[in-house]
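What follows is one structure encoded as structure tokens, with my remarks underneath.
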Amino acid sequence: EVLARINEHQNRTGLVPVLRWPGLVHGLLAWDYGVSEAVCRMGNRLYHMLLDEFQDTSRQQWSALKPLALEALAKGGGLFLVGDMKQAIYVWRGGDVALFSEVQEDAELASICACEHDPLPANWRSAKAVVEFNNAVFSCLETPETAEAVAEAMLGQALGKGTDPEPGEVRELASLVRTTYKDCAQEAKKTHLPGLVRFSQVVETEEALGASEY
């Protein structure tokens with residue numbers, strides 16, 4: 001009933017909800033029946049693509065844009081995926097941080113050009129204390145032992161007391177953790193700003209657990 005009302009409203013007003021855009025674009029650019037007219041029109045003019053905040057891209061969005069990316073690369077153009085896996089916040093609307101690694105290993109893209117991973121070595125945004133704190137805390141997650149310990153703790157907490165996570169699930173999550181925090185240490189450039197980091201430990205209590213249920 002709701003879907004029928006949405007379609008009716010969409011036809012009446014000519015307005016399309018944002019979440020429906022990727023599906024419509026994918027339909028226009030689909031290769032299902034040969035090269036689509038939309039790809040022919042747009043591909044002739046498009047040589048370079050830059051996708052910002054790629055860590056929040058959904059699989060549907062990427063599948064819609066991939067034909068254009070392949071066309072641009074085939075003509076000697078470029079594809080730039082910019083983002084930070086640690087800042088992925090749109091999982092709730094389909095963002096899939098795993099795409100960052102998968103696209104780098106995509107066979108179709110690799111058959112056209114080589115993929116280069118270029119992490120930013122310097123931080124021009126944050127003060128020195130903040131950068132050094134981040135380096136000290138998060139660079140530890142690059143090591144397999146720490147990543148597995150964190151993965152096991154996270155999965156164990158999600159499953160609840162008395163339930164142990166499967167070893168395969170722990171290894172899979174640990175691998176994602178290591179990939180996410182690889183090369184995360186940066187050089188602080190705003191050294192003239194000392195910055196401030198305040199670290200507080202939150203102690204779990206029965207009262208807090210009861211309140212969280214609401």
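Only heavy atoms go into these numbers, but all of them, side chains included; no hydrogens, no water, no symmetry mates.
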Shared hydrophobic cluster for F80 and L73 (ILVMFWY, side-chain gaps under 4.5 Å):
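Looking at the clustering, L73 is in a separate group from F80.
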V18, L24: one ILVMFWY side-chain cluster at the under-4.5 Å cut-off?
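Cluster IDs for V18 and L24 match.
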Can you tell me how far [atom2] of [Y] sits from [atom1] of [X], rounded to the nearest 0.5 angstrom?
X	Y	atom1	atom2	value
Y47	M49	OH	CE	15.0 Å
D106	S101	CG	OG	12.5 Å
N11	I6	CG	CD1	12.0 Å
L51	L79	CG	CG	6.0 Å

Do the rings of F133 and F199 sit parallel, tilted or perpendicular, given the 30° and 60° boundaries?
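Ring orientation of F133 relative to F199: tilted.
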Take N123 and K189, measure what side-chain contact (heavy atoms from CB on, under 4.5 Å) needs, and give me the verdict at the end.
CA-CA 6 Å; N123 187 312; K189 287 297 183 178; over 6 Å; no
Determine yes or no for a side-chain-to-main-chain donor-acceptor pair under 3.5 angstrom, with [X] supplying the side chain and [Y] the backbone.
X	Y	value
S175	E172	no
Q87	G83	no
S111	E108	yes
W124	K190	no
Q104	H117	no
H48	G78	yes

Are R20 and N7 linked by a side-chain donor-acceptor pair shorter than 3.5 Å?
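The criterion, which ignores hydrogens and geometry beyond distance, is satisfied for N7 and R20.
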Pair E53, Q55: side-chain N/O donor-acceptor within cut-off below 3.5 Å
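There is such a pair (donor and acceptor under 3.5 Å, judged by atom type) between the side chains of E53 and Q55.
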Under 4.0 Å between a side-chain nitrogen and a carboxylate oxygen: does that hold for [X] and [Y]?
X	Y	answer
R171	E169	no
R93	D56	no
E102	R59	yes

Side chain proximity check, [X] to [Y], heavy atoms < 4.5 angstrom:
X	Y	value
E142	S139	yes
Q10	P17	yes
T180	F100	no

Looking at F138, does the NZ or CZ of K86 lie under 6.0 angstrom from its six-membered ring centre and within 45 degrees of the ring axis?
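Negative - K86 is either too far from the ring of F138 or too far off its axis.
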Derivation of the side-chain contact (heavy atoms from CB on, under 4.5 Å) call for L155 and V170
CA-CA 7 Å; L155 289 172; V170 173; 3.9 Å; yes
Got a sec: does the CE of M85 have more than 12 other heavy atoms crowding it under 6.0 Å?
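Yes, CE of M85 has more than 12 neighbouring heavy atoms, counting only those of other groups under 6.0 Å.
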